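To keep things clear, I will list the structure first and then write my remarks on it.
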Amino acid sequence: MGDSFREQLLEDTVFLRAEQRLDTELVDKLILQLNRIYPQILTDKEATRFRNLDVPTSVRLGELLTHLQGKGDEACREFYRALHLHVEEVYYSLPTRLRLRDSLNPLTSPQIHSQRNVLNDRGPLFFLGCFGFAVGIAFLYYYGEAKVSGGSQALGMAALGLKRKAQEVLIWYTKEGIMK
């Protein structure tokens, strides 16, 4: 990936501003990290401006990102380091990190995270029909031939459309019922 950190930050800005996990406390941690460790990137005056609690967090974060992009590639790289240090789960969910991870592993197909798994698209009536059929078979089996009239004859008729082994079993069962 040949993008500079500045270009990556430009691409990730929309995601970072919309990210709910970056609350006021975490944004303050990022600002303090950049101010204390790298005062050449973020001076005390600038840090105080970005830590103003009267301004909404998403606006402060947007202004910080714009400021860092203006400072250059080194400042953007240090922001990514601070983000990785303090909010690792957000760092790994950045669009540029996801693209980098997917491009490094050619064996995996691109994953669509928003896709919903659909096990059965036939609907609830299909389920109820299958369930009713299973209950009917269980009812026949439980009450047997003696209590349900014509049970063995119904099983003999059901054997007509089945494979050879299933036919043999059902016909054997009907013969046993007739002999009783």
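Predicted model only: the values in this text are computed from it and were never measured.
- Atom CG of Leu83 sits about 10.0 Å away from atom CD of Glu88, to the nearest 0.5 Å.
- Side-chain heavy atoms closer than 4.5 Å link hydrophobic residues (I, L, V, M, F, W, Y) into clusters, and following such links, even through other members, never connects Leu65 to Leu10.
- Side-chain contact of His84 with Tyr92: a donor-acceptor pair under 3.5 Å is present, judged by distance alone.
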Show me, pair by pair, the donor-acceptor contacts under 3.5 angstrom made by side chains of residues 23-30, not counting sequence neighbours?
unit_1	atom_1	unit_2	atom_2	d
Asp23	OD1	Leu26	N	3.1
Thr24	OG1	Thr57	OG1	2.8
Asp28	OD1	Arg60	NH1	3.2

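- For the atom pair CG (Asp12) and OH (Tyr91), the distance works out to 9.5 Å, reported to the nearest 0.5 Å.
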Pair Leu16-Val90, side chain to side chain contact (heavy atoms under 4.5 Å, CB included): steps then yes or no: CA-CA 8 Å; Leu16 288 168; Val90 172; 4.1 Å; yes
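- Rounding to the nearest 0.5 Å places CZ of Phe133 at 4.0 Å from CD1 of Ile137.
- For the atom pair Leu94 CG and Glu89 CD, the distance stands at 11.0 Å (nearest 0.5 Å).
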Residues Tyr80, Gln8; criterion side chain to side chain contact (heavy atoms under 4.5 Å, CB included); working and verdict: CA-CA 10 Å; Tyr80 277 119; Gln8 290 178 29; 3.5 Å; yes
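- If you take OG1 on Thr66 and NZ on Lys71, they are separated by 14.0 Å, rounding to the nearest 0.5 Å.
- Shortest non-hydrogen contact noted between Phe79 and Leu64 is CE1-CD2, 4.4 Å.
- Using modelled atom types and a 3.5 Å distance limit, the side chains of Glu46 and Thr43 yield a donor-acceptor pair.
- The heavy-atom pair separating Cys76 from Leu68 by the smallest distance is SG-O, 3.6 Å.
- If you check the side chains of Arg77 and Ser4, you find no donor sitting under 3.5 Å from an acceptor.
- Side-chain heavy atoms closer than 4.5 Å link hydrophobic residues (I, L, V, M, F, W, Y) into clusters, and following such links, possibly through other members, connects Phe5 to Ile37.
- Annotation: side chain of Leu98 is not in contact with side chain of Pro95 (no heavy-atom distance under 4.5 Å).
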Side chain to side chain contact (heavy atoms under 4.5 Å, CB included) between His67 and Glu63, worked out: CA-CA 6 Å; His67 175 76; Glu63 290 175 359; over 6 Å; no
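- Atom CZ of Arg17 has more than 12 heavy atoms from other residues, nucleotides or ligands within 6.0 Å.
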Working for side chain to side chain contact (heavy atoms under 4.5 Å, CB included), residues Arg51 and Leu32: CA-CA 9 Å; Arg51 293 187 69 211; Leu32 289 174; 3.6 Å; yes
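- Residues Glu7 and Thr96 bring no donor and acceptor atom of their side chains to less than 3.5 Å of each other.
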Test log, rule side-chain hydrogen bond (donor to acceptor under 3.5 Å, both in side chains), inputs Glu19 and Ser93: CA-CA 10 Å; Glu19 182 60 45; Ser93 61; 4.9 Å; no
Check against salt bridge (charged side-chain N to carboxylate O under 4.0 Å, His left out), Glu78 and Arg81: CA-CA 5 Å; Glu78 296 307 329; Arg81 275 193 191 157; 3.2 Å; yes
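- Checking side-chain atoms of Asp73 against main-chain N and O of Arg6 turns up a donor-acceptor pair under 3.5 Å.
- Put simply, CZ on Phe50 and CD1 on Ile31 are 7.0 Å apart, with the number rounded to the nearest 0.5 Å.
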